[in-house]
2 protein chains.
Amino acid sequence: MNTPYHNNQEFLSHISIDSVVFGFHENELKVLLLELKDLEKYALPGGFVKKDETIEDAASRILKWRTGLDEIFLQQFKVFSSPDRSKDNPTIPIIKSLIPNIDISFYNDRFISIGFFALVEYTLVNPNPDELSIKCEWVNIDDAKNVIIDHSDIINGALEALRIQLNYSPIGYNLLPQKFTMPELQKLYETILGKQLDRRNFQRKILSYNILNRLDEKRVGVAHKSPYLYEFDLENYQKALENGLKSGW
Amino acid sequence: MNTPYHNNQEFLSHISIDSVVFGFHENELKVLLLELKDLEKYALPGGFVKKDETIEDAASRILKWRTGLDEIFLQQFKVFSSPDRSKDNPTIPIIKSLIPNIDISFYNDRFISIGFFALVEYTLVNPNPDELSIKCEWVNIDDAKNVIIDHSDIINGALEALRIQLNYSPIGYNLLPQKFTMPELQKLYETILGKQLDRRNFQRKILSYNILNRLDEKRVGVAHKSPYLYEFDLENYQKALENGLKSGW
DNA sequence: ACAAAAGTGTTATGTCTACACCCATGG
DNA sequence: CCATGGGTGTAGACATAACACTTTTGT
């Protein structure tokens, strides 16, 4: 079988992409990580840029392979370029042992990595490991610690970018299932921000954007009072994206 | 004389840097552009990344060469990667004609460009052209039109990033001389944002950040009532940078 | 019936907006 | 002395923060 790692001559040298894929499940913010073979370390899903595609197309292609999803919300947020990051990359021995005849010089070069973050609906993802990894799985963001190279910096940078993004666009649409409750949306915000928010003030503020429709349905089978279900009002949601949520200056 | 264009084997292939250097003068927002030889086109100051430096160091080195300034406020904001951007790069013929024996294949490769924006104090800059350009000069941002490749996109992206930055940090420090008046600071904000602001509300908001000291001096020799001079309170300014200006959520 | 969570409302506080007035300066 | 811009203040609209009561559900 041909994998991306064989055909390194179709990629641009020195440039890689690493994506922090965020998902939300059971009130926890998760990140998609690969567990590498023979190491007890994790890595971000990443890859390289083909000679005729944009970095956005590359990130999209890579994540389609990892998650099965088309049309992922993706955003570049920072380039990571420390010269040290290319030293002692623990995936190189794995590649060498798995593909003995490979031209390893491509991987031994210095790489500058473009960081993307992605927002996906947890339940739609089919995590798919590659030949370097034993598994691809969701990890709670607080537990995403034992990672290679500077991937910890990349994760932190992505979270920071996500927090800023929260002030400019209504993030929930990409992370939640179609129907969701107000407390679920609030938990999402609280988890991203890492702080508690007032229930009533949160609801008022979110509703003031006019991007949610309350349905005539409630979440049943849950303990205590049944909360209403909401969905995003796509038309107003698009408008809100164009105008931006905050004025600032 | 040896210039960067000769020694292309010391650079990473496929990766370039383009910087949008903002300055503020006579109530206008300016951008530093190079006028290319034999073309009636302008280009952003840019360059390549050495094999052992970060992109931030590269951007800093390149701008030191162009402006004479150390310690420039610099921030990466976006990577530009359209495959088309490497076709018909009008600087390649110039390089070829100026340096006949050069290995042009480096420049003929596809380049992905990392966009930075820089904020500098206009009066401190000594614009310095390179061998490809007849001059390096300040151009009003509205007149920065006749530029090569996608440099127009890069300028627009930088301006957008600067506008967002305005909500997170007090920009004026890097763009204004040490002493300045409130109307000057306001004009800077108005120019960046492209809209008028209320004089009194602006002053109140800026002062509420507690990052300015009003001096016992006024600008003299100017028509009408003499405005007070202000300077940044560096201690509080640093604090404000750490905490961020806006809470948002 | 009770505990726990959800729906809804109120009040105080602060921030933003839109103005009006007086003052100083150069012409 | 006057036109122009700068310094300062204030009232209303609006947003935010803090908090209380009622309702619904599963147990």
Report summary line: Residue pair Arg200(B)/Arg204(A) against DNA chain C: nearer the 5' end by closest nucleotide is Arg204(A)
Report task. Please report, rounded to the nearest Å, how far the C1' atom of dG9(C) is from the CG atom of Leu207(A). Result -> 14 Å
Query - Length of the line joining Asp198(B):CG and dC19(C):P, which is rounded to integer Å - result: 9 Å
Report task. List the steps and the verdict of side chain to side chain contact (heavy atoms under 4.5 Å, CB included) for Lys187(A) and Glu28(A). Result -> CA-CA 8 Å; Lys187(A) 269 280 171 231; Glu28(A) 289 184 330; over 6 Å; no
Report task. Using only side-chain N and O atoms of Arg214(B), determine if any of them is under 4.0 Å from OP1 or OP2 of dT8(D). Result -> yes
Query raised in the report: Whole-Å distance between dG9(C) C1' and Gln203(A) CD?
Result: 12 Å
Requested in this report: List the atom of Leu197(B), the atom of Gln186(B), and the distance in Å for their closest heavy-atom pair.
Outcome: O-NE2, 2.9 Å
**Report entry** Near-ring test Phe22(B)/Tyr122(B), centroid separation under 6.0 angstrom
**Finding:** no
Report task. Report the distance from atom CG of Asp216(A) to atom P of dG7(C), rounded to the nearest whole Å. Result -> 14 Å
Query - Base dG5(D) paired with Arg199(B) side chain (donor-acceptor, <3.5 Å) - result: no
Query - Side-chain ion pair, Glu190(B) and Lys195(B), N-O less than 4.0 Å - result: no
Report summary line: When rounded to whole Å, the CG to P distance for the pair Leu197(A) and dT16(D) reads 13 Å
Requested in this report: Indicate whether the side chain of Gln165(B) and that of Ser169(B) have a donor and an acceptor atom separated by less than 3.5 Å.
Outcome: yes
Query raised in the report: Rounded to whole angstroms, how far apart are CD1 on Ile206(A) and C1' on dT16(D)?
Result: 15 Å
Taking only N/O atoms, report every protein-nucleotides 22-27 of chain C pair under 3.5 Å with atom names and distance.
{"residue": "dT25(C)", "atom": "O4'", "partner": "His224(B)", "partner atom": "O", "Å": "3.3"}

**Report entry** Aromatic plane relationship, Tyr189(B) with Phe202(B) - under 30° parallel, 30 to 60° tilted, over 60° perpendicular
**Finding:** perpendicular
Query raised in the report: Rounded to the nearest Å, what distance is computed from the CZ atom of residue Phe180(B) to the C1' atom of nucleotide dG6(D)?
Result: 16 Å
Query raised in the report: Charged N to carboxylate O under 4.0 angstrom, Arg66(B) versus Asp130(B)?
Result: yes
Requested in this report: Run the salt-bridge test on Asp57(B) and Lys64(B) with the 4.0 Å N-O cut-off and return the result as yes or no.
Outcome: no
Query - Carboxylate-amine/guanidinium contact Lys179(B) Glu231(B), below 4.0 Å - result: no
Requested in this report: Under 4.0 Å from any atom of DNA chain C, heavy atoms only: list the residues of residues 181-194 of chain B that qualify, in numerical order.
Outcome: none
Query raised in the report: Separation of Arg219(A) atom CZ from dG26(D) atom C1', in whole Å?
Result: 16 Å
Report summary line: Assert: residue with more 5' nearest nucleotide on DNA chain C, out of Pro227(A) and Asn201(B), is Pro227(A)
